Novice: 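Shown below is the structure under consideration.
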Number of protein chains: 2
Amino acid sequence: MMFSKACEYGIRAAVYIALQSLDGRRVSVSEIAEEIDSPIAFTAKILQQLNRNNIVHSVKGPTGGFEIDRENMDTVKLSMIVKAIDGDKIYTGCGLGLKECNAQKPCPLHDKFVDIRSNLRTMLISTSLFELATGLEVGLTYLKR
Amino acid sequence: MMFSKACEYGIRAAVYIALQSLDGRRVSVSEIAEEIDSPIAFTAKILQQLNRNNIVHSVKGPTGGFEIDRENMDTVKLSMIVKAIDGDKIYTGCGLGLKECNAQKPCPLHDKFVDIRSNLRTMLISTSLFELATGLEVGLTYLKR
DNA sequence: TATAAATAGGACAAAAATGTCCTTTATTAA
DNA sequence: TTAATAAAGGACATTTTTGTCCTATTTATA
């Protein structure tokens, strides 16, 4: 609806990894892809990006996999994942695709988007992985289907 | 940011046509593409879609072109253009791409998206082409760059 | 130290979105 | 009635996104 497929998978994967890390479990790409119902090799690429951006931590070799430190679950906000994968056009871009659209030279929808964009931005900036993982843990939310 | 390129061009084209129709001028695809800074042949395709959905009216032959009745400028809301081009996933789709995501079985972002989506929906449903065209007419808004 | 398990990463493939070109159809006006 | 003009539409081309496959690298453990 709003994010690319890659970003959707990235968020779902990060939330799943966070959930498992709360139990001290490191998880493999194949488990992640299974649990969030995503294409495995594509998910692996996205996890590489998240790793490079220090959003998740990867460990190679046997007993390896992905994990997120308890500390990072609070530090990492949705906005960081979105920015790492989709860039920041969701914040800065014009709703009608104009290159320069701002209060001085607004597109016809500029003012109408101000609040919507601001709400979205605030939500993304203030929502942590920990918050999302705990909802899952309690069984209130789902990552599949 | 939120709409496809096709939809962005479609909205900009419709607003431009509405503006010119206020002056009783019918406009050609090439003029539209010039004025909204869009690829001409692609814009023509999009205008065909808008015509089929009775959002704009087209006339073939010399002196032909696109126009929008004064009445339709009030009737046609942004939501209709978006739906004609991008479908209604913007309203109905899940932020994380789950097939079935609802209050009973929500994704971790479901509740957080409720307000944002609702604001967006309300804005699209309540904004008419006339409103957008008059902003342009008065020189308060722009469709290019 | 050899083997196996796991991620990293490059190259490729498929699908979808974006964009172009050319012919057909309708219509105006000379 | 013919010529010119404009949209309609089909076929094709390009680019981006999504997705796959294979090899290299790292590392735990037998």
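Since we're looking at a predicted model, the values are computed, not measured. Below, read A as the first sequence line, B as the second, and so on, with proteins coming before strands; counting in each chain starts at 1.
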Novice: Measuring only between side-chain heavy atoms, which start at C-beta, is B/I11 closer than 4.5 Å to B/V82?
Specialist: yes
Novice: Does OP1 or OP2 of C/dT18 have a side-chain N or O of B/Y9 closer than 4.0 Å?
Specialist: no
Novice: Round to the nearest Å and state the distance from A/L47 atom CG to C/dG9 atom C1'.
Specialist: 14 Å
Novice: For A/Q48 and C/dA6, give me the distance from atom CD to atom C1', rounded to whole Å.
Specialist: 12 Å
Novice: Return whichever of B/K60 or B/F3 has its heavy-atom-nearest nucleotide of DNA chain C closer to the 5' end.
Specialist: B/F3
Novice: Does the side-chain contact (heavy atoms from CB on, under 4.5 Å) test come out yes or no for B/L78 and A/L109, once each step is laid out?
Specialist: CA-CA 10 Å; B/L78 274 185; A/L109 293 190; 3.4 Å; yes
Novice: Rounding to an integer number of Å, can you tell me how far B/H57 NE2 sits from C/dA26 C1'?
Specialist: 12 Å
Novice: Distance-only, no hydrogens or angles: does the A/R117 side chain make a donor-acceptor pair with backbone N or O of A/H110 under 3.5 Å?
Specialist: no
Novice: Could you tell me whether the phosphate oxygens of C/dT7, OP1 or OP2, come under 4.0 Å of any side-chain nitrogen or oxygen in A/N51?
Specialist: no
Novice: Where is the tightest heavy-atom contact between B/A33 and B/T43, given as atom of each residue plus distance?
Specialist: CB-OG1, 4.3 Å
Novice: Calculate the interatomic distance between A/K5 atom NZ and C/dA15 atom P; express it in whole Å.
Specialist: 16 Å
Novice: For A/V59 and A/C7, take the nucleotide of DNA chain D holding the closest heavy atom to each; which residue's nucleotide lies nearer the 5' end?
Specialist: A/C7
Novice: Once you round it to whole Å, what is the distance between C1' of C/dA6 and NZ of A/K45?
Specialist: 15 Å
Novice: My understanding is that only one of A/Q20, A/R25, A/R26 makes a side chain to side chain donor-acceptor pair (under 3.5 Å) with A/E31; could you say which?
Specialist: A/R25
Novice: Work out which heavy atom in B/D74 is nearest to a heavy atom in B/S128; give both atom names and the distance.
Specialist: O-CB, 3.8 Å
Novice: What is the distance, to the nearest angstrom, from the CZ atom on B/F42 to the P atom on C/dT18?
Specialist: 5 Å
Novice: Without decimals, in angstroms, what is the distance between A/L50 CG and C/dG9 P?
Specialist: 13 Å
Novice: Quick check on DNA chain D: between A/A6 and A/P62, whose nearest nucleotide comes earlier from the 5' end?
Specialist: A/A6
Novice: Kindly assign one of parallel, tilted or perpendicular to the pair B/F3 and A/F113, based on the angle between their ring planes and the thresholds 30° and 60°.
Specialist: tilted
Novice: Using atom types as modelled and distance alone, determine if a side-chain donor or acceptor of B/T127 lies under 3.5 Å from a backbone N or O of B/L124.
Specialist: no
Novice: Does NZ belonging to A/K83 count more than 12 external heavy atoms closer than 6.0 Å?
Specialist: no
Novice: 5' to 3' on DNA chain D, which nucleotides open and close the contacts with chain B (atom under 4.0 Å from a heavy atom)?
Specialist: D/dA4 to D/dA11
Novice: Mind running a 4.0 Å heavy-atom check of residues 24-41 of chain B against DNA chain D and sending the residues that fall below it, in number order?
Specialist: B/V27, B/S28, B/V29
Novice: Looking at C/dA8, I'd like to know if its phosphate oxygens (OP1 or OP2) sit under 4.0 Å from a side-chain N or O belonging to A/S58.
Specialist: yes
